[in-house]
2 protein chains.
Amino acid sequence: MITLTEENYIKAIYHLSSNGEKTVNTNAIASAMQTKASSVTDMIKKLSEKNYADYKKYQGVTLTDDGKRVAVNIIRKHRLWEVFLVEKLNFSWDEVHEVAEHLEHIKSDKLIDELDAFLEFPTYDPHGDPIPDKEGNFKHIEKIVLAKAEVGSAYKCVGVDDTSSKFLKYLDSNHIALGTIITVKHKEPFDNSIKIALENSEIVVSQSVAKNLYLKKI
Amino acid sequence: MITLTEENYIKAIYHLSSNGEKTVNTNAIASAMQTKASSVTDMIKKLSEKNYADYKKYQGVTLTDDGKRVAVNIIRKHRLWEVFLVEKLNFSWDEVHEVAEHLEHIKSDKLIDELDAFLEFPTYDPHGDPIPDKEGNFKHIEKIVLAKAEVGSAYKCVGVDDTSSKFLKYLDSNHIALGTIITVKHKEPFDNSIKIALENSEIVVSQSVAKNLYLKKI
DNA sequence: AAATATTTTTAGACTAATCTAAAAATATAT
DNA sequence: ATATATTTTTAGATTAGTCTAAAAATATTT
């Protein structure tokens, strides 16, 4: 049996290794899990014993295929619940994360398969992240970050990196949502801010916003 | 903060005291919680410290108003999730209990209020049990147990006491569901079995079935 | 009312997950 | 390449919930 805490560590390791495929180090996990390095060491030993992770002392950790399977399944559940919350229960995209963090740990294959069907097999969650299917495969969308978009081109907003309530509320108040069409007008070299055109407005966004917004060329 | 285990103990105490309003004894809780009496003693001390229960050594335990509030809220969540599972996710009434046991512990007022609205404020769960409203009030239905129904009268099936999968499947296979009209034909004094008439059939049910089926006179 | 049985509590130990503080290993700087 | 800094691990303690076995309290029999 896998515990809730083990699941959360596995998920954290998965996310930390998904941007860059090498081993994940103890401190990174500690900061992601809001805990201390010593606790992480204990846990990765346990994950290693249970064959969810490969671990050699002082050398960081990687997930085994089993571990990855667990991680992807939790991500599937998390994202399906997020869709449910937004589409059926009137949650906004900045409110779903915390509740989904809990719902994702409910263990019932029937529950998640039926939920998937009830939602008509969605492929993206409310933040534009792909939802793995039952077998763990997910769509790979070719997206770039606004910071690297080219001046003069038009893009569609397809996702966010930062899913914090603060950032999502900022986007809401500037009328940026998934699907919004964005044209890059000007990049300011001084502070890396970017002027973009939306449907009815032009706004300037800071570098930190530009780094967290995913676009697809149209 | 209230833990999952505390919530489960509170729920168990509530259910044990709801049939008969006096104090609940340690062994009863131990058997309901599938644990040992010594563990129960530890926990009721803790619940007492946290003001969810009143407890005097060797004298059993009762819930405080706070404790009752917690219990009713969990029951509300449990039953709303059951309705969701049956009405939206194609679960049958014998499959919902286990999953609802987990879902009931998700803590989010918005989640449960929106779920309630999404389900159009149901007042009964799939087993005929009333669903408390936000304030904790629930409908009291005047129901009797089949074992005490009178020969010759007609009744509507309004609930079950035993919600085990075994019993519910037995009812399914005999075409008894919530709303089914039942006429009592004969009571057999020898073994307390009862012959009842359904829409298209007559069947004999044992005493243990008769004790677990709730009816309302029509 | 004394003897016996049952129930409940206590005492002490265990596991999972965590922590602090110190030690060990690795990485970086001079 | 040696010293210093950083990262990681170990050692030992803590908390929540559980257990077993023994002790204490209550209930039941005779």
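In what follows, chains are A, B, ... by sequence order, proteins preceding strands, each numbered from 1. Source: prediction; values computed, not measured.
- Taking 4.0 angstrom as the limit, Tyr55(B) places none of its side-chain polar atoms (N or O) nearer than this to OP1 or OP2 of dT8(C).
- Which of dT9(D), dT18(D), dC19(C) sits closest to the side chain of Asp42(A) comes down to dC19(C).
- Sorted by first and then second residue, the salt bridge (Lys or Arg N to Asp or Glu O under 4.0 Å) pairs involving residues 53-66 of chain B (not counting sequence neighbours) are Asp66(B)-Arg69(B).
- For Lys57(A), the listed nucleotide lying nearest its side chain is dT10(D); candidates were dT10(D), dT26(D), dT18(C).
- The side chain of Thr41(B) lies closest to dT10(C) when the candidates are dT18(C), dT10(C), dT26(D).
- Residue Glu6(A) is the one, among Glu6(A) and Tyr58(A), whose nearest nucleotide of DNA chain C lies closer to the 5' end (criterion: closest heavy atom).
- A close approach under 4.0 Å does not occur between any side-chain nitrogen or oxygen of Gln59(A) and OP1 or OP2 of dA25(C).
- Among the atoms of the strands shown, only primed sugar atoms or phosphate atoms (P, OP1, OP2) are found under 4.0 Å from some heavy atom of Thr5(A).
- Looking at residues 27-39 of chain B, you'll see Asn27(B), Ala37(B), Ser38(B) sit with a heavy atom under 4.0 Å from some atom of DNA chain C.
- Geometrically, Lys45(A) does not engage Tyr55(A) in a cation-pi contact, judged by NZ or CZ lying under 6.0 Å from the ring centre and within 45° of the ring axis.
- Rounded to an integer number of Å, the gap from Asn25(A) CG to dT8(D) P is 5 Å.
- Look at CD1 on Ile44(B): it is 13 Å from P on dT18(D), rounded to the nearest Å.
- Scanning for salt bridge (Lys or Arg N to Asp or Glu O under 4.0 Å) contacts around Lys50(B) gives Glu6(B), with sequence neighbours left out.
- Atom CG of Leu4(A) and atom P of dA16(D) are 18 Å apart (whole Å).
- Checked against dT10(C), dT9(D), dT18(C), the side chain of Lys45(B) finds its nearest nucleotide in dT10(C).
- Within the cation-pi definition used here (under 6.0 Å to the ring centroid, within 45° of the axis), Lys216(B) does not qualify as a partner of Tyr155(B).
- One interatomic measurement links the two molecules: CG of Asn8(B) to C1' of dT18(D), which rounds to 15 Å at whole-angstrom precision.
- Rounded to an integer number of Å, the gap from Lys56(A) NZ to dA25(C) P is 16 Å.
- Residue Glu7(A) contributes atom CD, which lies 16 Å from atom P of dA16(C) at whole-angstrom precision.
- Contacts classified as side-chain hydrogen bond (donor to acceptor under 3.5 Å, both in side chains) and involving residues 81-92 of chain A (residues at least two apart or in different chains) are given here: His78(A)-Glu82(A), Glu82(A)-His127(A), Asn90(A)-Glu114(B), Ser92(A)-Asp94(A), Ser92(A)-Glu95(A).
- Residues forming a salt bridge (Lys or Arg N to Asp or Glu O under 4.0 Å) with Lys217(A) (at least two apart in sequence, or on another chain): Glu150(A).
- With sequence neighbours excluded, the residues that form a salt bridge (Lys or Arg N to Asp or Glu O under 4.0 Å) with Lys107(A) are Glu7(A).
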